[in-house]
Peer 1: 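Shown below is the structure under consideration.
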Amino acid sequence: MHNTAIFQFKENRDKYGSLIPIEASRDIPFEIKRIYYIYDVKKDVTRGFHSHRQLHQMLICVNGSVSIRLKTNLEEDVVVLNAPNKGLYIGPMIWREMFDFSEGAVLLVCASEYYDESDYIRNFDFYSEEYSKKYN
Ligand code: TYD
């Protein structure tokens with residue numbers, strides 16, 4: 001889907017365990033201003049239901065697994081994040097829903113800006129309208 005991409009981070013695995021480094025601008029395509037993580041999500045819960053106008057994000061499920069539904073006016077896709085070395089980049093104007101959190105899942109999100117509620121579009125009809133204006 002446009003404005004999204006799957007990233008594969010390099011795993012340093014040895015007999016003592018595994019380590020994955022992530023460097024802003026080098027391993028992901030933006031400067032990180034904020035990180036947050038989502039955890040303790042019950043099995044039947046779906047979260048998200050929003051798009052951002054400007055924000056760039058990298059989602060990494062550092063433990064367990066979670067599914068991400070991505071939507072625009074034109075496309076719909078589901079990405080399963082089920083390995084700590086897999087990242088999902090989501091750029092501006094992509095609707096996302098997170099569901100199917102496994103027991104103990106931890107979803108780490110790296111974001112390009114500080115938290116700003118005015119960057120959110122939380123209603124799909126409004127999103128759809130803004131998307132049409134931007135891309136048509
Ligand atoms: P919310 O946007 O509902 O989470 P989701 O990504 O599942 O849609 O955020 C949950 C709460 O956390 C809400 O009250 C806003 C707050 N919040 C912050 O204070 N800072 C942040 O960086 C984020 C992402 C959320």
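First listed ligand is number 1; within each ligand, the first listed atom is number 1. Computed from a predicted model, the values in this text were never measured in an experiment.
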Peer 1: Would you confirm whether any non-hydrogen atom of the protein falls under 4.0 Å from atom 22 (O) of ligand 1?
Peer 2: yes
Peer 1: Evaluate the ring planes of Y127 and W95, with Trp represented by its six-membered ring, and classify them as parallel (under 30°), tilted (30 to 60°) or perpendicular (over 60°).
Peer 2: tilted
Peer 1: Hydrogens and angles aside, do N12 and S18 bring a side-chain donor and acceptor to less than 3.5 Å of each other?
Peer 2: no
Peer 1: Determine, counting only non-hydrogen atoms of the protein, whether one lies under 4.0 angstrom from atom 12 (O) of ligand 1.
Peer 2: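 Protein heavy atoms within 4.0 Å of atom 12 (O) of ligand 1 - there are none.
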Peer 1: Determine, using heavy atoms of Q57 and all atoms of ligand 1, whether some pair is separated by less than 4.0 Å.
Peer 2: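 Not so, Q57 does not reach ligand 1.
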Peer 1: I need the contact type for Y120 against ligand 1. Using non-hydrogen atoms and a strict under-4.0 Å cut-off, is it side chain, backbone, both or neither?
Peer 2: side chain
Peer 1: Find all atoms of ligand 1 within a distance of less than 4.0 Å from any non-hydrogen atom belonging to G48, and give their numbers and elements.
Peer 2: 5 (P), 7 (O), 8 (O)
Peer 1: Which option, M98, H50, R47, R96, owns the non-hydrogen atom nearest atom 9 (O) of ligand 1?
Peer 2: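 Comparing heavy atoms across M98, H50, R47, R96, the nearest one to atom 9 (O) of ligand 1 lies in R47.
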Peer 1: R34 heavy atoms, cut-off 4.0 Å: which ligand 1 atoms fall inside?
Peer 2: 21 (C), 22 (O), 23 (C), 24 (C)
Peer 1: Quick one: does ligand 1 sit under 4.0 Å from the side chain of R122, the backbone, both or neither, non-hydrogen atoms only?
Peer 2: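 The side chain, only.
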Peer 1: Between the side chains of E117 and R122, is the shortest nitrogen-to-carboxylate-oxygen separation below 4.0 Å, so that they form an ion pair?
Peer 2: yes
Peer 1: Just to verify, what does Y131 make a side-chain hydrogen bond (donor to acceptor under 3.5 Å, both in side chains) with, not counting sequence neighbours?
Peer 2: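 Per chain and number, Y131 pairs via side-chain hydrogen bond (donor to acceptor under 3.5 Å, both in side chains) with H2.
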Peer 1: Taking atom OH of Y39 as the centre, does the number of heavy atoms from other residues, nucleotides or ligands within less than 6.0 Å exceed 12?
Peer 2: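 It does not: Y39 OH has 12 such atoms or fewer within range.
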Peer 1: Please determine whether the number of non-hydrogen atoms from other residues, nucleotides or ligands lying under 6.0 Å from atom CZ of F126 exceeds 12.
Peer 2: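 For F126, atom CZ is not crowded (no more than 12 foreign heavy atoms under 6.0 Å).
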Peer 1: Out of Y115, Y37, Y36, indicate the one that has the non-hydrogen atom closest to atom 17 (N) of ligand 1.
Peer 2: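 When every heavy atom of Y115, Y37, Y36 is considered, Y115 comes closest to atom 17 (N) of ligand 1.
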Peer 1: Does atom OH (Y37) have a neighbourhood of more than 12 heavy atoms from anything else shown, all under 6.0 Å?
Peer 2: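 Count not over threshold, so no.
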